[in-house]
Q: 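Okay, here's the structure, questions in a sec.
Model, not experiment: these values are computed from the prediction. In what follows, chains carry the letters A, B, and so on, assigned in the order in which the sequence lines appear, proteins first and then strands, with residues in each chain numbered from 1.
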Amino acid sequence: MQTSPTADALRVPIRRPVAALLLLAIGLVTIEVALWWIATRTPSDIVLGLSQKIFYFHVGSAFAMLLGLSAASIMSLVDLLRPDDRADALARSFLEVGVVFSLCLLTSGPLWARKAWGMYWTWEPRLTLSLLVTLLAISVIALRSMSGDSHTGRRVGAAMAVMAAPASYLIHVAVKWWGGNHPQVIQGGGIQSADMRIAFWLAVVGLLTFASVLVVTRYRDIRLQQRAQALRLTLSAHQLRQRRA
Amino acid sequence: MFRTALLICAALAMMVSAPVFAEAPPAQAAAKVAAPSAKSGAAAAAKAAPPRDLSRYKEESVSGGSLLLAAYMIMWALVGTFVGRTLLRQAKVEAELTELSERVDVLTGGDAA
């Protein structure tokens, strides 16, 4: 049986999710081990020196960004086709976490490039696309923030967020299709050293687990806001009824 | 939130426009100094300005360790800011929910929430 959005929001649980706390512990431990492994076991690059070690969390951030924005895009499409508060809350959570990691990507990348390319930024396809997708996602967040509970704002935001998945795919294939300076470590033969491979996957798994916790936390936050809004509506309706009576 | 988004956009715009205003990279500058002019003869070479002091380019080269530290610090600062903001918002909304639930309970006798 389908329930009204208000009735659905009133049933949002207030308790803290235990699974998220468990995931948080796993994520933090994995990140700690990854940092220790990177600091003590991985070799330094002859040319780049220590700045090569930016790579581990830079790529992890890229994975979190691409997955987050793609998931936001899918949930936005679901919300557009069949409006649902849970899909909307998930889309917003994925989008915001995706933006956090895209900002990590866009700050760690130029710091690596300063040593590798001699400059912080170059307008090559993958970098330019990453910047544009980040700006698109920030625009959606700003739009949702300004439009409040407006239905139109929600639909326009969702329509814009749908674009994030194809754009993420274009970022993934940018070097293959249009070339550019960006190195292709994973697609171009992989990492040769076993210690570097372990550090890389520890960083990726740790960051993705941590990103999942952030999504769950933000989702709960948005759902609680929806419940508060439903309670405000219920309260207003009762007060109006009492005044009429 | 909107102000934060604007600040982020401004920071990104500054970051990407920085190389446009930056000086030529050391390699190009050194090449300009080293390349002999085609028109210059022996006399011109004698009168030529003394070679430029390139030591400042050495000073400009950033160490990999500093870049690594900066990258990790910025990344965790960004994530930490997001976590902090989310937790603060959650605490606020939880307090509001408790208050609203009590008011609704008083009005409806516990039927609505």
Q: Quick one, Arg103(B) and Gln239(A) - any side-chain contact, counting heavy atoms below 4.5 Å?
A: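 Side chain of Arg103(B) against side chain of Gln239(A), heavy atoms only: contact under 4.5 Å found.
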Q: What is the minimum heavy-atom distance between Val93(B) and Ala228(A), and which atoms define it?
A: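 Reported closest heavy-atom pair: CG2-CB, 4.2 Å.
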Q: Determine the minimum heavy-atom distance between Leu231(A) and Ser101(B), stating which atoms define it.
A: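 Looking at all heavy atoms of both residues, the closest pair is CD1-OG, 3.6 Å.
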Q: Between Arg220(A) and Glu94(B) (salt bridge meaning N to carboxylate O under 4.0 Å), is one present in this structure?
A: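 Yes, Arg220(A) and Glu94(B) are salt-bridged.
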Q: Working to the nearest 0.5 Å, report the span between OG of Ser51(A) and CG of Leu69(B).
A: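 Going from the OG atom of Ser51(A) to the CG atom of Leu69(B) covers 12.5 Å.
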Q: Can you measure from CG (Leu67(B)) to OH (Tyr120(A)) and round to the nearest 0.5 angstrom?
A: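 Reported value, rounded in 0.5 Å steps: 6.0 Å.
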Q: Name the option with the most non-hydrogen atom pairs under 4.5 Å to chain B; the candidates are Leu48(A), Leu127(A), Val100(A).
A: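 The residue among Leu48(A), Leu127(A), Val100(A) with the greatest pair count is Val100(A).
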Q: Within a radius of less than 6.0 Å around CD1 of Ile46(A), do more than 12 heavy atoms belonging to other residues, nucleotides or ligands occur?
A: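 Check fails, neighbour count at 12 or below.
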Q: Between Val79(B), Val83(B), Thr81(B), which residue shows the highest count of heavy-atom pairs closer than 4.5 Å to chain A?
A: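 Ranked by heavy-atom pairs under 4.5 Å with chain A, first place is Val79(B).
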Q: When rounded to the nearest 0.5 angstrom, what is the spacing between CZ in Arg89(B) and CG in Asp221(A)?
A: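 Those atoms lie 5.5 Å apart.
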Q: Quick check on Gln242(A) against chain B: is it the side chain, the backbone, both or neither that has a heavy atom closer than 4.5 Å?
A: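 Side chain of Gln242(A) only, per the 4.5 Å heavy-atom cut-off to chain B.
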Q: Salt bridge or not between Arg227(A) and Glu96(B)? Use side-chain N to carboxylate O under 4.0 Å.
A: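 Between Glu96(B) and Arg227(A) there is no salt bridge, as every charged N stays at least 4.0 Å from the carboxylate O atoms.
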Q: Could you grab the distance from atom CG of Leu106(A) to atom CD1 of Ile74(B), nearest 0.5 Å is fine?
A: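 Going from CG on Leu106(A) over to CD1 on Ile74(B), the span is 11.5 Å.
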Q: Tell me, please, which residues at least two apart from Trp36(A) pass side chain to side chain contact (heavy atoms under 4.5 Å, CB included).
A: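 Side chain to side chain contact (heavy atoms under 4.5 Å, CB included) list for Trp36(A), sorted by chain: Thr40(A), Arg41(A).
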Q: For Ser66(B), is it the side chain, the backbone, both or neither that has a heavy atom under 4.5 Å from a heavy atom of chain A?
A: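 For Ser66(B), no heavy atom lies under 4.5 Å from chain A.
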Q: Before giving the answer on side-chain contact (heavy atoms from CB on, under 4.5 Å), spell out for Thr217(A) and Gln90(B) the whole-Å C-alpha distance, their side-chain angles and the decisive distance to 0.1 Å.
A: CA-CA 9 Å; Thr217(A) 311; Gln90(B) 253 184 35; 3.5 Å; yes
Q: With Tyr72(B), which residues qualify under ring-ring contact (aromatic ring centres under 6.0 Å, His included), at least two apart?
A: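 Residues passing ring-ring contact (aromatic ring centres under 6.0 Å, His included) with Tyr72(B): Phe57(A).
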Q: Hey, what do you get for CZ (Arg232(A)) to CG (Leu97(B)), rounding to the nearest 0.5 Å?
A: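 Between Arg232(A) CZ and Leu97(B) CG, I get 8.5 Å after rounding to 0.5 Å.
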Q: Heavy-atom cut-off 4.5 Å, strictly under: side chain, backbone, both or neither for Ser44(A) against chain B?
A: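 Neither part; nothing is under 4.5 Å.
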Q: Can you tell if the side chain of Phe82(B) reaches within under 4.5 Å of the side chain of Val97(A), non-hydrogen atoms only?
A: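 Answer yes - side chains close enough.
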Q: With rounding to the nearest 0.5 Å, note down the distance linking CG in Leu78(B) to CZ in Phe101(A).
A: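 It comes to 10.0 Å.
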Q: Would you please test Phe55(A) and Leu68(B) for side-chain contact (heavy atoms from CB on, under 4.5 Å) and show each step?
A: CA-CA 9 Å; Phe55(A) 155 82; Leu68(B) 176 72; over 6 Å; no
Q: I'd like to check Thr86(B) versus Leu214(A) (side-chain heavy atoms, cut-off strictly below 4.5 Å). Are they in contact?
A: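 No; the side chains remain at least 4.5 Å from each other.
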Q: So for Leu143(A), is it side chain, backbone, both, or neither that comes closer than 4.5 Å to the heavy atoms of chain B?
A: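 Neither part.
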